[in-house]
Amino acid sequence: MSFKTEAFVLQAKDWRKADRLYELFTPQEGVIHAVLRSAAKPTSKLAGHMLPFSKVRIMIGRGRMDHLAGAAVIKDYANIRTDLKLMSLAAAIVELLLKDKSSENKHLEYLQVEKIFELLNDQNINFEQKLVLVRVFLWKYLSIAGWQPELDNCLFCHKDMNIEQAGQYLPGRGIICLEHKESSYLPINAELLVFLRSINELDFEEFIKINISDKTKKEWRKISQAYYQAVFDQPSQALKILPYA
Ligand SMILES: [Zn+2]
């Protein structure tokens, strides 16, 4: 049995003698693994279409192990691959996608991936803005994938959290009001709470224009790392090496 699909090429590694193993993100099943036989031979044309971070149309042969039976580039996002800093941002996206082991329908997530790669590839957006967009992606993606934190009511007393109010954040779960103060909860100021609530409401483009204070950026970075850690039970390597914003 075989089928055609669109996919993003996440990673490729050498496999057995001359084969390559591709990790691909598809709208139907999320991450799939597919072998390209004899990819390392200079005559392999398919391998030339399968560059990291590119969007491809592929034919997959289903078997004990999926194999790649055809590939064509839809968009190669070449600007990302020619800039080391952008590659590190794209690698953060890839790391997140590879961690998500659920293989159900990922159409909504796929649209988000498409969007973030478009923006990373766009030379009219500066690096600082792209860094914010990648972190926005993390929040959008985890929410769609089923890990949306509670941001409206206190997790403990269910009190409605006013947007002018600071609170605390329990990683992976959501907000807690200041009445249950504990040092292990992370601070979340009023500006950050408004910002976090807006993430699922607004399109990516809006975040190119939004300005938040340095203090809020710093708190956001901390709770983003904690969020990731709570979901996947391990720290994000990619988020750790991105301390700029
Ligand atoms: Zn409370």
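For the numbers below, each heavy atom of this structure counts, side chains included, while hydrogens, waters and symmetry mates do not. Numbers here simply count residues along the sequence, with the first being 1. Model, not experiment: these values are computed from the prediction. For ligands, and for the atoms within them, numbers begin at 1 and follow the listed sequence.
- You'll find the side chain of Lys159 stays beyond 4.5 Å of the side chain of Asn153, heavy atoms only.
- For the Zn ion (ligand 1), the set of nearby N, O or S atoms under 2.8 Å includes none belonging to His158.
- Cation-pi contact between Lys55 and Phe25: absent, since separation from the ring centre below 6.0 Å together with deviation from the ring axis within 45° is not met.
- Remark: Lys115 is not positioned above the aromatic ring of Phe204, lacking an NZ or CZ atom under 6.0 angstrom from the ring centre and at most 45 degrees off the axis.
- The Zn ion (ligand 1) lies at the vertex of an angle of 100° between the SG atom of Cys177 and the NE2 atom of His180 (rounded to 10°).
- An angle of 110° is found at the Zn ion (ligand 1) between Cys154 atom SG and Cys157 atom SG, rounded to 10°.
- A salt bridge is absent between Asp122 and Lys130: the closest approach of a Lys/Arg side-chain nitrogen to an acidic carboxylate oxygen does not fall below 4.0 angstrom.
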